[in-house]
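In what follows, chains carry the letters A, B, and so on, assigned in the order in which the sequence lines appear, proteins first and then strands, with residues in each chain numbered from 1.
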Protein chains: 2
Amino acid sequence: MPTKKYHVPALERALDVIDLIALHESDLSFSEILNSLNIPRPSLARILKILTDRGIITKTGKRGLYSLGMKLLYLGNRLESKLKLKSVAWPFMQELALKTGKTIELSTLDRDQLILIDQIEGNEGVRLFSRIGSAYPYFHTLAAGKIYLAHMEKEKMKDVLRKIGLPTVTKHTITDIDQLEEELSNIMKNGYAFEDQELREGVRRVVAPIYDSHRSLTGCIGIASPIFSFTYEDREYLGRMVKEVAEKISSGMGAK
Amino acid sequence: MPTKKYHVPALERALDVIDLIALHESDLSFSEILNSLNIPRPSLARILKILTDRGIITKTGKRGLYSLGMKLLYLGNRLESKLKLKSVAWPFMQELALKTGKTIELSTLDRDQLILIDQIEGNEGVRLFSRIGSAYPYFHTLAAGKIYLAHMEKEKMKDVLRKIGLPTVTKHTITDIDQLEEELSNIMKNGYAFEDQELREGVRRVVAPIYDSHRSLTGCIGIASPIFSFTYEDREYLGRMVKEVAEKISSGMGAK
DNA sequence: TAATTTAGTATCATATATGATATTTTATAT
DNA sequence: ATATAAAATATCATATATGATACTAAATTA
């Protein structure tokens with residue numbers, strides 16, 4: 001797909017470097033970066049120098065291993081404090097965590113990707129979603145994803161599904177489009193979505209939509225838990241619970 | 001100082017854009033960015049497009065206001081989890097917070113700047129330091145800064161002080177180099193540093209050094225509080241307390 | 001509805017960032 | 001100490017990203 005595109009190679013390369021470093025657990029040497037990305041030596045040296053000067057990455061040790069810089073901590077935190085949703089939802093998340101003892105998750109949509117923006121881990125100690133800030137593309141496997149699908153215009157929804165398809169992730173993943181559409185309309189009726197091991201074997205979720213002052217979907221709050229403490233029957237009362245809290249958060253966001 | 005320098009204008013401009021957006025509380029329009037930075041219109045458009053495509057910034061609304069993107073949340077969190085110091089120190093910070101009820105601060109050095117990497121706010125509810133990830137240049141006004149100075153070779157220390165000088169921040173700020181050097185040697189003797197309203201009127205701190213497996217200074221932990229609950233005399237037992245905790249964290253970091 | 005402001009695109013000559021190559025510097029290994 | 005490898009810098013012809021100018025599109029305002 002050679003759609004005509006802007007080219008700012010220096011910038012794109014720099015972003016590649018940042019991604020590469022972020023991806024690796026351990027710090028990277030100059031050569032490792034050089035060999036992983038297709039950037040000529042002097043160009044890479046220049047990019048690394050600028051990024052280092054500006055604190056985006058840091059060179060540690062004498063031999064010069066590169067790692068992410070403190071500036072990113074600052075930028076991440078800066079963003080976080082700007083996220084109103086998070087601050088409004090926070091006390092309600094705590095309330096839910098206290099009441100249920102389960103994992104509470106707050107997510108939002110950014111550039112057509114589902115992003116986990118905050119999380120309180122439950123007693124079970126099982127990592128249920130993933131890292132804060134991480135994106136997840138398989139909407140049909142996630143209660144929150146289904147909520148977003150349910151709120152789209154039918155045409156846009158079909159578009160999205162055409163693009164990513166309905167790949168199987170676990171043996172419970174919904175792979176039939178009619179079944180999915182059926183479920184989406186139920187979501188709008190019930191006010192919450194249920195996810196039964198469709199993303200991960202042994203994990204269930206209920207998730208409810210949060211609206212902003214324009215009554216448009218701005219985020220989702222969910223309760224997640226391993227199945228041993230979240231039976232199929234629990235979905236009803238937990239669903240009601242999460243729906244009620246979502247409504248309170250919505251009013252906190254200015255929805256009327 | 002026109003020291004010869006590398007030039008990667010596209011990248012430097014992009015970083016300027018990011019900084020500008022991070023700095024503002026509210027989101028920025030195309031023109032606002034255009035007028036704030038010296039970047040030609042088409043170049044700015046290209047840069048904004050790439051940054052948006054890669055999730056570093058986000059365009060909200062139809063009129064297109066730019067704000068920081070979720071990718072930065074991811075990168076910030078990625079860095080955070082890499083910061084071993086933070087994870088090792090965390091339980092000890094909690095312990096200190098519980099025992100003292102005061103604000104506990106964890107800081108480190110990055111590119112010759114003092115960075116606050118974590119904080120537990122005390123009961124007093126007074127913002128004592130600043131935002132997580134933010135940097136502070138005036139070493140001589142901060143207990144943690146004095147610890148770093150104390151650990152430098154004398155030559156390097158004098159270099160640093162020559163560069164930034166000893167500007168007055170409050171009427172308690174140490175502005176005499178001999179007095180400062182005296183204090184630095186006391187710090188090495190006592191194992192902790194004391195800061196008596198030198199950065200901010202009405203705020204006292206005690207801070208102790210944390211060492212890594214190479215026995216080099218890797219961070220500082222501190223107790224901070226308004227003076228009404230932190231008398232001049234308190235500095236001794238709080239100092240001992242923070243020193244002991246710092247030693248425990250150091251062993252956690254592998255120092256022997 | 002027309003007028004005005006703002007966002008974003010198109011074009012293309014040219015200033016300039018880039019990269020092939022080689023060298024120097026620095027750190028690790030023998 | 002010497003050898004070896006990796007990191008960082010220097011040079012400079014040239015491919016190419018850039019920006020002056022002008023334009024369209026879209027949204028707000030009168």
Side-chain angles (χ1 to χ4, degrees), chain A residues 1-18 20-21 24 26-69 111 213-214 216, chain B residues 1-18 20-21 24 26-69 111 153 156 213-214 216:
Chain A
M1 56 219 52
T3 8
K4 87 178 153 180
K5 219 190 121 184
Y6 285 132
H7 288 292
V8 191
L11 176 54
E12 294 179 274
R13 285 167 168 181
L15 295 176
D16 289 339
V17 169
I18 295 169
L20 182 73
I21 296 176
H24 278 252
S26 55
D27 299 347
L28 291 169
S29 70
F30 185 93
S31 323
E32 284 173 308
I33 301 172
L34 190 68
N35 295 329
S36 304
L37 305 172
N38 230 30
I39 306 176
R41 173 178 289 272
S43 305
L44 179 60
R46 282 189 283 257
I47 288 169
L48 289 175
K49 197 160 204 325
I50 304 281
L51 288 178
T52 306
D53 283 350
R54 306 276 297 232
I56 304 290
I57 62 177
T58 303
K59 193 166 47 168
T60 52
K62 312 187 166 185
R63 250 295 148 118
L65 291 182
Y66 292 92
S67 60
L68 298 180
R111 296 179 308 134
S213 55
H214 301 91
S216 58
Chain B
M1 63 224 32
T3 8
K4 84 176 154 182
K5 219 189 120 184
Y6 285 132
H7 288 292
V8 191
L11 176 54
E12 293 178 275
R13 285 167 167 180
L15 295 175
D16 288 340
V17 169
I18 295 169
L20 183 72
I21 296 176
H24 278 252
S26 55
D27 300 348
L28 291 169
S29 69
F30 186 93
S31 325
E32 284 173 308
I33 301 172
L34 191 68
N35 295 330
S36 304
L37 305 172
N38 229 29
I39 306 177
R41 173 178 288 270
S43 306
L44 179 61
R46 282 188 283 255
I47 287 168
L48 289 176
K49 197 160 204 328
I50 304 280
L51 288 178
T52 306
D53 283 349
R54 305 276 298 232
I56 304 291
I57 63 178
T58 303
K59 190 167 47 168
T60 52
K62 313 188 166 184
R63 252 292 146 121
L65 291 183
Y66 292 93
S67 60
L68 298 181
R111 297 178 309 134
E153 287 172 66
K156 167 128 204 237
S213 55
H214 300 91
S216 58

- [ ] Return the value, rounded to whole Å, for the distance between atom CD1 of A/I39 and atom P of C/dG19.
- [x] 9 Å
Open item on the list: Any N or O donor-acceptor pair under 3.5 Å from the base of D/dG19 to the side chain of B/R46?
Closed with: yes
Open item on the list: Is there a side-chain contact between B/S43 and the phosphate of D/dG19, meaning an N or O under 4.0 Å from OP1 or OP2?
Closed with: yes
Open item on the list: Please confirm whether the shortest side-chain N or O distance from A/R13 to OP1 or OP2 of C/dG19 is below 4.0 Å.
Closed with: yes
Open item on the list: If you count every heavy atom of other residues, nucleotides or ligands that lies below 6.0 Å from B/N35 atom CG, does the total exceed 12?
Closed with: yes
Task: d(CD1, A/I50; P, D/dA8) in whole Å - done: 14 Å
Task: Out of C/dG19, C/dT9, D/dT9, whichever nucleotide has its closest atom nearest the side chain of B/K49 - done: C/dT9
Task: From B/E12 atom CD to A/L11 atom CG, the distance as rounded to the nearest 0.5 Å - done: 12.0 Å
Open item on the list: Output the rounded distance in Å from CD1 (B/I47) to C1' (D/dA17).
Closed with: 11 Å
- [ ] Compare the minimum distances between each of C/dA20, D/dA17, D/dT21 and the side chain of A/P9, then state the nucleotide with the smallest one.
- [x] D/dA17
TODO: Mind listing the closest non-hydrogen atom pair of B/L44 and B/F30 along with its distance?
DONE: CD2-O, 4.0 Å
Open item on the list: Testing the basics here: between A/H7 and B/R46, what is the closest heavy-atom pair and its distance to 0.1 Å?
Closed with: O-CD, 4.3 Å
Task: Spacing between B/L65 atom CG and D/dT28 atom C1', to the nearest angstrom - done: 14 Å
Task: Whole-Å distance separating the CD atom of B/E12 from the C1' atom of C/dT16 - done: 14 Å
Task: Among D/dA17, C/dT18, C/dT9, the one nearest B/V8 by side-chain distance - done: C/dT18
TODO: Round to the nearest Å and state the distance from B/N35 atom CG to C/dT5 atom P.
DONE: 14 Å
Task: Atom-pair distance (CG on B/L11; C1' on C/dA17), nearest Å - done: 12 Å
Open item on the list: Using every non-hydrogen atom in the two residues, find where B/A10 and B/I47 come nearest and quote the distance to one decimal.
Closed with: O-CD1, 4.0 Å
TODO: Could you say whether A/E32 or A/P42 is positioned toward the 5' end of DNA chain D, judged by the nucleotide with the nearest heavy atom to each?
DONE: A/E32
Open item on the list: At less than 4.0 Å, is any side-chain N or O atom of B/R41 found next to OP1 or OP2 of C/dA10? Yes or no.
Closed with: no
TODO: Round to the nearest Å and state the distance from A/H7 atom NE2 to C/dT11 atom C1'.
DONE: 16 Å
- [ ] Tell me whether the OP1 or OP2 atom of C/dG8 has a side-chain N or O from B/K59 closer than 4.0 Å.
- [x] yes
